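All of these numbers come straight from a predicted model, not from anything done at the bench. For the numbers below, each heavy atom of this structure counts, side chains included, while hydrogens, waters and symmetry mates do not.
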Amino acid sequence: MSAGKDPVDAIISQWATARPDLDTRAMEVFGRIYRLSRAMGDRMEEAYQRYGVSRGEFDVLATLRRSGEPYALSPRQLSATLMLTTGGMTGRLDKLEKAGLLSRSPDPHDRRGLRVTLTEKGLAVIDGAVGAGLAVQTEALSALDDQQADQLAGLLRELLAGTREAEG
């Protein structure tokens with residue numbers, strides 16, 4: 001199934017006229033990835049807002065949920081997983097704690113540490129929000145058949161791995 005021409009095609013056509021010497025293949029790929037990321041980010045934010053959380057707050061709750069019972073991690077573990085500074089993490093934790101979605105308590109294994117734990121309310125919110133987010137993603141992915149979706153996932157995995165190697 002072909003979607004026809006898109007705005008990236010128009011940009012590529014303009015570059016072909018202005019600078020025919022350029023190989024714009026990377027622009028075609030990354031321009032579309034960027035536009036797709038922005039469009040899906042907006043849709044995901046909307047889905048999560050129905051549960052009273054932003055995308056960043058969703059990430060904190062989802063990380064706790066994925067950690068398994070008792071759904072508890074240290075602020076440092078959360079910061080490392082989400083690649084956030086401790087200051088950024090503190091702000092999110094404050095807001096989520098105020099909303100009753102998580103609690104902070106002393107770490108029983110480290111007198112100086114804290115444990116961040118998902119509350120029952122937080123568990124209900126994240127379970128609803130993750131389902132809503134997946135529904136949005138599944139709807140968008142329905143433009144592809146299963147084989148195409150699998151192929152795209154594999155290609156993006158390879159591209160991401162290559163990007164990480166270039167960074168390292």
Side-chain angles (χ1 to χ4, degrees), residues 1 3 6-8 29-110 112-161 163-164 167:
M1 172 196 322
D6 67 14
V8 175
V29 171
F30 290 103
R32 288 185 176 98
I33 288 172
Y34 175 75
R35 286 170 181 261
L36 179 61
S37 178
R38 288 204 47 193
M40 289 306 297
D42 291 346
R43 290 181 188 178
M44 301 302 289
E45 189 75 41
E46 188 177 302
Y48 299 150
Q49 281 178 352
R50 288 180 283 189
Y51 292 87
V53 294
S54 69
R55 198 164 166 196
E57 294 159 356
F58 170 89
D59 289 342
V60 172
L61 297 175
T63 300
L64 288 167
R65 178 65 168 102
R66 290 190 319 265
S67 73
E69 289 191 52
Y71 312 118
L73 296 169
S74 72
R76 177 170 284 140
Q77 289 170 310
L78 283 167
S79 292
T81 299
L82 298 173
M83 297 181 290
L84 281 175
T85 64
T86 54
M89 179 57 65
T90 298
R92 287 186 191 176
L93 295 179
D94 287 346
K95 187 171 181 188
L96 291 166
E97 186 174 39
K98 186 175 181 181
L101 302 178
L102 58 78
S103 64
R104 287 182 271 199
S105 58
D107 186 332
H109 306 293
D110 179 359
R112 298 174 299 163
L114 288 176
R115 297 298 284 169
V116 178
T117 306
L118 204 54
T119 63
E120 286 187 34
K121 180 179 177 184
L123 182 61
V125 165
I126 191 56
D127 281 351
V130 75
L134 276 171
V136 167
Q137 292 170 339
T138 300
E139 179 184 343
L141 199 58
S142 70
L144 305 177
D145 64 33
D146 289 347
Q147 182 180 353
Q148 290 171 320
D150 290 345
Q151 182 181 14
L152 179 59
L155 291 170
L156 290 171
R157 182 183 303 108
E158 287 181 38
L159 185 59
L160 185 57
T163 303
R164 284 193 195 123
E167 289 174 353

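- With T138 contributing its side chain and A135 its backbone, the two residues share no donor-acceptor pair below 3.5 Å.
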Let's go through R66 and V130 carefully: what are the C-alpha distance in whole Å and the side-chain angles of both, what is the deciding distance for side-chain contact (heavy atoms from CB on, under 4.5 Å) to 0.1 Å, and is it a yes or a no? CA-CA 11 Å; R66 290 190 319 265; V130 75; over 6 Å; no

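- A 6.0 Å sphere centred on CD of E46 holds no more than 12 heavy atoms belonging to other residues, nucleotides or ligands.
- Within the 4.5 Å cutoff, no side-chain heavy atoms of R76 are placed close to those of M89.
- More than 12 heavy atoms of other shown residues, nucleotides or ligands fall within 6.0 angstrom of atom CZ in R32.
- T85 approaches S79 most closely through the heavy-atom pair O-OG, 4.0 Å.
- Scanning for side chain to side chain donor-acceptor pair (under 3.5 Å) contacts around Y51 gives an empty result, with sequence neighbours left out.
- Within the 4.5 Å cutoff, no side-chain heavy atoms of T81 are placed close to those of L73.
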Given the rule in the side-chain contact (heavy atoms from CB on, under 4.5 Å) test, do V60 and V116 qualify, once you have shown the distances and angles that lead to the verdict? CA-CA 10 Å; V60 172; V116 178; 5.6 Å; no

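- Open room surrounds CZ on R43; 12 or fewer heavy atoms of other groups in view lie less than 6.0 Å from it.
- Separation of atoms CG (L61) and CG (L96) is listed at 5.0 Å; rounding is to 0.5 Å.
- Of the inter-residue distances, the one linking D150 atom CG with L155 atom CG reads 11.0 Å to the nearest 0.5 angstrom.
- At least one donor-acceptor pair under 3.5 Å links the side chain of Q148 to the backbone N or O of D145.
- Atoms CG and CG, from L123 and L102 in turn, are 12.0 Å apart once rounded to the nearest 0.5 Å.
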Steps toward side-chain contact (heavy atoms from CB on, under 4.5 Å) verdict (M40, L36): CA-CA 6 Å; M40 289 306 297; L36 179 61; 3.9 Å; yes

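- Across Y48 and R55, no two heavy atoms sit closer than the pair CD1-CA, 3.9 Å.
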Could you walk me through whether L156 and I33 pass the side-chain contact (heavy atoms from CB on, under 4.5 Å) test, one step at a time? CA-CA 10 Å; L156 290 171; I33 288 172; 4.0 Å; yes

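- Distance alone, capped at 3.5 Å, places no donor-acceptor pair between the S74 side chain and the R115 backbone.
- Side-chain N or O atoms of T119 include one that pairs as donor or acceptor with a backbone N or O of G100 at under 3.5 Å.
- The minimum heavy-atom distance linking P75 with L114 is given by the pair CD-O, 3.3 Å.
- Going from atom OG of S103 over to atom CD of E97 covers 7.0 Å, rounded to the nearest 0.5 Å.
- In this structure, CG in D127 is found 4.0 Å from CZ in R65, a value given to the nearest 0.5 Å.
- From L93, atom CG reaches atom CG of L78 across 6.5 Å, with rounding to the nearest 0.5 Å.
- A salt bridge links R104 with D94: the distance from a Lys NZ or Arg NE/NH1/NH2 to an Asp or Glu carboxylate oxygen falls below 4.0 Å.
- When all heavy atoms of A72 and T117 are compared, the pair lying nearest together is CB-OG1, 3.5 Å.
- Of the possible donor and acceptor atoms, one in the side chain of S67 sits under 3.5 Å from a partner among the backbone N and O of L64.
- Contact record, A132 with R50: CB-NH2, 4.2 Å, taken as the closest heavy-atom pair.
- Each of R92, K98, K95 was scored for a salt bridge (Lys or Arg N to Asp or Glu O under 4.0 Å) with E57, with one residue passing: K95.
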